[in-house]
Amino acid sequence: MEHTTVVVTGAGSGLGRAVAIAFAARGATVVVGDADGTDLEETIAACEDAGAAVEGVRTDVRDEFDVERLVETASRSGERSGIDVVVAAAETRHGEPGATPIDADSYTALDDHWRTNARGVFAAIRESLAHLNEGARILVPTHFVAADASPGAGTYAVSKAGAEAVARGFAVDTEYAVGCVDPGPIATDAYANAGSAPEDVAPLFVWAATELEAASLDGKTVDRERWERATETA
């Protein structure tokens, strides 16, 4: 992936950081964005330790002008101009998973979930379009609560369903392969016992960006089970 430029939003921690490091370890030029400057610096250092060329831009995905600066930086960062992979990983979550019924969730939580998790995906994709190279891929991390009703998922689930709809819209209206990637439950700093460690599932995103057929990604959702079956038989 030496000639590949990858942009990852929400790269300051959790899944976004792990995905950025996974691409860095494969030799890609990685450009990372996050709203937290301190977390972003830690991710940059980790990507450099993996041997990658890396740049970071402090980015709040709720602000499309921040996102514009991120992708413009990325388009100039690689050995060739443009962007090859976008991972729109920035998200926020309010409330305890499984213990936040939607009828008790707040308007404040709804607004922040929507602006970050759905509108932020829209911004990441739309602002990238002018900079994408031929054959570029766009990956949107998703969650099972986006497709299946899950008690206590609250307005977080609403926003993730919105993110999936955004991805499908860009899939049908653009020439690029745009799809959702569901890694299953992820353990984060906030929810340490919620699932797999981010670094264990980050290779799923590298696989979806490099080995999975574009037609199997475009407008679809790729889950962890498919990745595991593919890598077991490879």
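Bear in mind the structure is a predicted one, so any value in this text is a computation, not a measurement.
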- Any side-chain heavy atom of Arg224 sitting closer than 4.5 Å to one from Ser196? yes
- Rounded to the nearest 0.5 Å, how far apart are CD1 of Ile138 and CG of Asp84? 11.5 Å
- Is the shortest heavy-atom distance from the side chain of Leu110 to the side chain of Asp105 under 4.5 Å? no
- Same cluster for Trp207 and Tyr176 if Ile/Leu/Val/Met/Phe/Trp/Tyr side chains link at under 4.5 Å? no
- Could you state whether Val32 and Val6 fall into the same hydrophobic cluster, counting links through intermediate Ile, Leu, Val, Met, Phe, Trp or Tyr residues with side-chain heavy atoms under 4.5 angstrom apart? yes
- Judged by atom type as modelled, is there a donor-acceptor pair below 3.5 Å linking the side chain of Thr59 to the main-chain atoms of Val57? yes
- Note on the structure: Shortest non-hydrogen pair, Ser81 vs Asn133, comes out as O-OD1, 3.1 Å
- Message: I need the Glu127 CD to Glu64 CD distance, nearest 0.5 Å.
- Response: 7.0 Å
- Message: Quick one, Val121 with Glu91, criterion side-chain contact (heavy atoms from CB on, under 4.5 Å). Give me CA distance, side-chain angles, the key distance, then yes/no.
- Response: CA-CA 9 Å; Val121 168; Glu91 72 159 39; over 6 Å; no
- Taking 4.0 angstrom as the limit, do Asp66 and Arg69 come out as a salt bridge? yes
- Task: Please report the closest heavy-atom contact between Pro198 and Ile186, naming both atoms and the distance.
- Result: CG-CG2, 3.7 Å
- To the nearest 0.5 Å, tell me how far Arg17 CZ sits from Asp39 CG. 5.5 Å
- Query: Same cluster or not: are Met1 and Val8 linked, directly or through other Ile, Leu, Val, Met, Phe, Trp or Tyr residues, by side-chain heavy atoms under 4.5 angstrom apart?
  - Reply: yes
- Query: To the nearest 0.5 Å, what is the distance between CD1 (Ile21) and OG1 (Thr43)?
  - Reply: 6.5 Å
- Item | Any donor-acceptor N/O pair, Thr155 side chain to Val158 backbone, under 3.5 Å | no
- Query: Got a donor-acceptor contact below 3.5 angstrom from the Asp218 side chain to the Val178 backbone?
  - Reply: yes
- Item | Any donor-acceptor pair under 3.5 Å from Thr9 side chain to Ala89 backbone | yes
- Derivation of the side-chain contact (heavy atoms from CB on, under 4.5 Å) call for Leu129 and Thr174: CA-CA 9 Å; Leu129 291 177; Thr174 72; 4.2 Å; yes
- Query: Nearest heavy-atom pair of Leu40 and Arg58: which atoms, and what distance?
  - Reply: CD2-N, 3.6 Å
- Task: Quickly, which of Ile125, Val181, Val166, Val86 forms a side-chain contact (heavy atoms from CB on, under 4.5 Å) with Val140? Name it, please.
- Result: Ile125
- Cluster link Phe122 to Leu132, ILVMFWY, side chain under 4.5 Å: yes
- Item | salt_bridge(Glu164, Lys160) N-O dist < 4.0 Å | no
- Message: Within the 3.5 Å criterion, strictly below it, is a donor on Arg26 or Thr4 matched to an acceptor on the partner's side chain?
- Response: no
- Of the non-hydrogen atoms in Ala209 and Leu139, which two are nearest, and what is the gap between them? CB-CD1, 4.1 Å
- Task: Go through the steps to decide whether Val222 and Leu217 satisfy the test side-chain contact (heavy atoms from CB on, under 4.5 Å), and finish with yes or no.
- Result: CA-CA 7 Å; Val222 181; Leu217 172 68; 4.2 Å; yes
- With rounding to the nearest 0.5 Å, note down the distance linking CD in Glu225 to CG in Leu204. 11.5 Å
- Message: So Arg137 and Leu212, do their side chains get closer than 4.5 Å, heavy atoms only?
- Response: yes
- Query: Do Glu55 and Ser77 have a side chain donor and acceptor closer than 3.5 Å?
  - Reply: yes
- Looking at residues at least two apart in the chain, or sitting in another chain, which of them share a ring-ring contact (aromatic ring centres under 6.0 Å, His included) with Tyr156? His113, His143
- Message: Give me the atom names and distance for the closest heavy-atom approach of Asn117 to Ser159.
- Response: ND2-OG, 3.0 Å
- Query: Checking side-chain contact (heavy atoms from CB on, under 4.5 Å) for the pair Thr73/Leu70: CA distance, chi angles, key distance, verdict?
  - Reply: CA-CA 5 Å; Thr73 298; Leu70 173 67; 5.8 Å; no
- Task: Spell out, yes or no, whether Val30 and Leu15 are grouped together once hydrophobic residues are joined by side-chain heavy atoms under 4.5 Å, including indirect joins.
- Result: yes
- Message: Could you check whether any side-chain heavy atom of Val85 comes within less than 4.5 Å of a side-chain heavy atom of Thr210, counting everything from C-beta outward?
- Response: no
- Item | Distance, nearest 0.5 Å, that separates CG of Asp63 from CD of Glu68 | 9.5 Å
- Task: Over all heavy atoms of both residues, which pair between Pro203 and Trp227 is shortest? Give the atoms and the distance, please.
- Result: CB-CZ2, 3.7 Å
